[in-house]
> 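One structure, as structure tokens, below. Some questions next.
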Amino acid sequence: MVGRTTDGTESPIITESDADTDKPRVRYGELVILGYNGFLPQGDRGRRRSKFVLYKRAEPNGVKRSKHYIVQSPQTSQAILNAKQHSISYTLSRSQAVIVEYKEDPDTDMFQVGRSSESPIDFVVMDTLPGDKKDAKVLQSTISRFACRILVDRCDGNKARIYAAGFDSSRNIFLGEKATKWQDNVEIDGLTTNGVLIMHPKGEFCGGSADCGQWRETSVGGDVFSLRECRSAQQKGQQVYDENNILQDGTLIDLCGATLLWRSAEGLRHSPTKKDLEKLVDEINAGRPQCPVGLNTLVIPRKVSLGDHVNQPYVYLNCGHVQGQHGWGQDKNTNARRCPMCLEVGPVVTLCMGVEPAFYVDSGPPTYAFNPCGHMATEKTVKYWANVDIPHGTNGFQSVCPFCATPLVGSPGYIKLIFQDNLD
């Protein structure tokens, strides 16, 4: 059964409970928004959710270039006015534009991502704010309403290509006069205002041996370029001929306000599931870790609940000792505390399990935590993300916790956990 969105249009998102059990759908992969630990604060609804599963469509809806031509008044051209015709309009001047027409492609499925809630957008993405997002509000979004489109080969689901810009309700893409665009021989291409950046990992994402790759920009036509001087600069970067726009397992997609992780179906088969991660939490809790001060048993939560629980574990971020809530060693003028185990002074934060499986690069025990948010994960997972620079602002980069998008503090940005239990 296909999920219905709020505007009454069909959505390709199918949850496991919705899936037709006697005919399993072919899963191409998942798009997961960095900064959410398995769900949106207000709950996943329709096309707004923290994770988007791309399934093979019952009928193909992909398109491919067919022809292009110059027109004097693009707004009144037949291709633009025809609501059944996909087309891209590159405005060269007030009196001239290049129209590129697209025709149906029976070999591909198209999925569109953006801020708009209009029906052509399959996955509605809003700006991601760091930390606790319960009351967070974005005054002005930098994500494009029709940010990007992904075309997947129906015969080879490993070939999922990403392109800047998406088609609107009239099946058009408009690149205005000020947009960065160029003509190469007879072909024309361009970039969107804030761009669509991609970063392919070096090596296999699943397994924990991958390194952070180079950030690139993908064009409306799908070519790959080095980054512009700043996000919306008029001058395009240099074309990178030995790289392409095919998503790999672990490719990051930055939409200037939200960063998405692509996990291929094959990669997910070798990754831990949510049940696997919950089992790891249960195993640690079964060891009955103790608070060395209060001598009470600590219980690691799968998510931090409102109000501190008496058994909520805390970690000293400078030394990694895990303890319960107590008043010993607290500096009244700062948030720093002196650890009763090693006397190291530093900040303390609640511990919480990172339960979004897509962010994990291996299936080890969750023995490390990000600094300063306290999200627990495996050693290889924490070390991988601590070395990934996520675009920030117009030309900055910063490492963040993938579970809450909080910028990491200090070097290396994580801490090894030391429990007082039978695991030691």
Side-chain angles (χ1 to χ4, degrees), residues 12-16 19 24-40 44 47 49-57 109 111-113 122-123 125 128 147-153 156-162 196-213 215 218 244-255 258-278 353-364 366 375 377-378 380-385 387-388 390 400-405:
I13 303 166
I14 298 176
T15 62
E16 290 177 13
R25 301 289 297 271
V26 175
R27 180 173 63 164
Y28 294 134
E30 294 179 356
L31 287 170
V32 190
I33 309 175
L34 261 61
Y36 299 98
N37 194 12
F39 57 91
L40 296 181
D44 290 347
R47 293 172 296 160
R49 48 186 58 230
S50 66
K51 179 190 298 187
F52 313 131
V53 184
L54 278 67
Y55 289 100
K56 186 175 184 177
R57 296 185 185 274
D109 286 338
F111 303 88
Q112 298 205 143
V113 183
D122 299 296
F123 312 128
V125 176
T128 303
C148 67
R149 62 199 192 278
I150 295 170
L151 276 91
V152 189
D153 190 314
D156 184 359
N158 292 318
K159 290 182 179 174
R161 299 178 182 272
I162 184 167
V196 174
L197 309 187
I198 57 174
M199 190 275 281
H200 301 310
K202 291 180 182 175
E204 296 290 329
F205 177 82
C206 191
S209 60
D211 292 319
C212 177
W215 280 99
T218 186
N244 57 46
N245 65 336
I246 299 176
L247 300 176
Q248 302 171 18
D249 187 39
T251 292
L252 288 171
I253 303 163
D254 189 80
L255 304 178
T259 306
L260 280 62
L261 171 70
W262 169 258
R263 294 302 315 276
S264 68
E266 179 64 22
L268 288 167
R269 278 194 283 271
H270 296 93
S271 297
T273 64
K274 197 163 188 175
K275 284 184 180 178
D276 293 333
L277 299 179
E278 291 173 350
M353 185 67 179
V355 293
E356 173 46 67
F359 299 141
Y360 280 75
V361 302
D362 70 332
S363 302
H375 277 110
T378 67
K380 286 185 177 181
T381 296
V382 167
K383 289 182 176 179
Y384 176 80
W385 287 105
N387 287 302
V388 174
I390 303 297
V400 303
C401 168
F403 301 105
C404 66

> Rounded to the nearest 0.5 Å, what's the gap from NZ on K159 to CG on L151? Could you check?
14.0 Å

> Does some side-chain heavy atom of T378 sit less than 4.5 Å from a side-chain heavy atom of Y360?
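A side-chain contact exists here, since the closest heavy-atom pair is under 4.5 Å.
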
> Taking only Lys NZ, Arg NE, NH1 and NH2, and the carboxylate oxygens of Asp or Glu, determine whether R269 and E266 approach each other closer than 4.0 Å.
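Salt bridge: yes.
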
> Within the distance-only criterion (no hydrogens, no angle test), does the side chain of W385 pair as donor or acceptor with the backbone N or O of F359 below 3.5 angstrom?
yes

> Please round to the nearest 0.5 Å and tell me the distance separating atom CG of D156 and atom CD1 of I246.
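Reported to 0.5 Å precision, the distance equals 8.5 Å.
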
> If you compare all heavy atoms of K51 against all heavy atoms of P357, which two are closest, and at what distance to 0.1 Å?
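The answer is NZ-CD, 4.3 Å.
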
> List the atom of G267, the atom of D249, and the distance in Å for their closest heavy-atom pair.
CA-OD2, 3.4 Å

> Identify the heavy atoms of A258 and V125 that sit nearest to each other, and give their distance.
CB-CG1, 3.5 Å

> If we only count heavy atoms from C-beta on, is the R27 to L268 side-chain gap below 4.5 Å?
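Yes, at least one pair of side-chain atoms sits under 4.5 Å.
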
> Rounded to the nearest 0.5 Å, what's the gap from CG on L31 to OG on S50? Could you check?
11.5 Å

> I want to check something: taking the side chain as every heavy atom from C-beta on, are C148 and L255 in contact at a cut-off of under 4.5 Å?
yes

> Please assess I253 against V196 for the test side-chain contact (heavy atoms from CB on, under 4.5 Å), listing each intermediate value before the final yes or no.
CA-CA 7 Å; I253 303 163; V196 174; 4.0 Å; yes

> For V152, is there any backbone N or O sitting under 3.5 Å from a side-chain donor or acceptor partner on D109?
no

> With rounding to the nearest 0.5 angstrom, report the NE2 to CG distance, H270 to D362.
14.0 Å

> Do K56 and Y28 come close enough that some side-chain heavy atom pair is under 4.5 Å?
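Answer yes - side chains close enough.
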
> Of all the heavy-atom pairs spanning S363 and P272, show the shortest one and how long it is.
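What the structure gives for the nearest pair is OG-CD, 3.6 Å.
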
> Could I get the full list of side chain to side chain donor-acceptor pair (under 3.5 Å) partners for S271, not counting sequence neighbours?
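Partners of S271 under the side chain to side chain donor-acceptor pair (under 3.5 Å) test: R263.
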
> Determine, stepwise, if the pair F123 / L54 fulfils side-chain contact (heavy atoms from CB on, under 4.5 Å).
CA-CA 10 Å; F123 312 128; L54 278 67; 3.6 Å; yes

> Taking the six-membered ring of F111, is the NZ or CZ of R57 close enough (under 6.0 Å from the centre) and on axis enough (within 45°)?
yes

> For the atom pair CG (L252) and CG (L247), what is the distance rounded to the nearest 0.5 Å?
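Answer for the CG-CG pair, L252 versus L247, is 10.5 Å.
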
> Could you grab the distance from atom NE2 of H200 to atom CD of Q248, nearest 0.5 Å is fine?
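With rounding to 0.5 Å, NE2 (H200) is 5.0 Å from CD (Q248).
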
> With a 4.5 Å heavy-atom cut-off, do F205 and T251 have their side chains touching?
no

> Determine whether a donor-acceptor pair (N or O, by modelled atom type, separation under 3.5 Å) exists between the side chain of E356 and the backbone of A358.
yes

> Please check this pair: side chain of N245 against backbone of T218, looking for a donor-acceptor N/O pair closer than 3.5 Å.
no

> Would you say the side chain of T128 lies within less than 4.5 Å of the side chain of T259, judging by non-hydrogen atoms?
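Heavy-atom side-chain distance check fails, nothing below 4.5 Å.
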
> Less than 4.5 Å apart, side chain to side chain, heavy atoms only: is that true for V355 and F403?
no

> Do F52 and I33 make a side-chain contact, defined as non-hydrogen atoms from C-beta onward lying under 4.5 Å apart?
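Of all side-chain heavy-atom pairs linking I33 with F52, at least one is under 4.5 Å.
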
